[in-house]
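The figures that follow rest on heavy atoms only: side chains count, while hydrogens, waters and symmetry mates do not.
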Amino acid sequence: MRYDNIEIAGKQYRIEFNWNAISAWMDETGQHFDDLVDVSKIKGSHITELCYQAVVEGCRMDGVEFPYSCKDFGAALQPQMIGAFMQIFTNHMKSMTTVVNTKKK
């Protein structure tokens, strides 16, 4: 299976925007799930935290420890990388919503 990754200091880390990552982001920032509807209205530091939590969760799923703090992670990010993260976020959110079927039979 192919996963989305980010390279930091020559090492690849998996990115997972799943419920664990989103709930950790909400806990850390005080934001609500509905705030993710329009990420353009979220503070920059909260976007960094969202991306950070996605990488931490990806590492957890791969059984490796992510060696960076959120601040160190943010320092490693280039502005153009945020656009790529947001595209991955959008793709992961779309795949989550297609899996959950709320229609009644």
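- Minimum heavy-atom separation, Asp35 to Ile42: O-CD1, 3.5 Å.
- Heavy atoms only, all atoms of each residue included: Ala21 and Glu57 are closest at CB-CB, 4.0 Å.
- Heavy atoms only, all atoms of each residue included: Met93 and Ile22 are closest at SD-CD1, 3.7 Å.
- Across every non-hydrogen atom of Glu7 and Met81, the tightest pair is O-CE, 4.5 Å.
- Applying the side-chain hydrogen bond (donor to acceptor under 3.5 Å, both in side chains) definition to pairs two or more places apart or across chains, those involving residues 42-51 are Gln31-His46, Glu49-Gln53.
- Val39 and Met86 make their closest contact through CG2-SD, 3.9 Å (heavy atoms, listed as atom of the first residue, atom of the second, distance).
- Contact check for Tyr3 versus Glu16: side-chain heavy atoms found under the 4.5 Å cut-off.
- You'll find the side chain of Phe89 reaches within 4.5 Å of the side chain of Leu50, heavy atoms only.
- Minimum heavy-atom separation, Phe73 to Tyr68: N-CB, 4.1 Å.
- Applying the side-chain hydrogen bond (donor to acceptor under 3.5 Å, both in side chains) rule to pairs touching residues 73-88 yields Gln87-Asn91, sequence neighbours excluded.
- Hydrophobic clustering of Ile, Leu, Val, Met, Phe, Trp and Tyr side chains at less than 4.5 Å, counting indirect connections, unites Trp19 with Ile15.
- Proximity of Asn20 to Arg60: side-chain heavy atoms (C-beta onward) are separated by under 4.5 Å at one or more points.
- Under a 3.5 Å cut-off, the side chain of Asp38 and the backbone N or O of Leu36 do not form any donor-acceptor pair.
- Residues Trp25 and Phe17 place their aromatic rings such that the two centres sit no closer than 6.0 Å.
- To the nearest 0.5 Å, the span separating CZ on Arg14 from CZ on Phe66 amounts to 14.5 Å.
- The salt bridge (charged side-chain N to carboxylate O under 4.0 Å, His left out) pairs that include a residue from residues 64-78 number zero, where partners must be two or more places apart or lie in different chains.
- To the nearest 0.5 Å, atoms CD1 (Ile82) and SG (Cys51) are separated by 4.5 Å.
- Using a 4.5 Å cut-off between side-chain heavy atoms of Ile, Leu, Val, Met, Phe, Trp and Tyr, with links allowed through other members, Ile8 and Met61 fall into different hydrophobic clusters.
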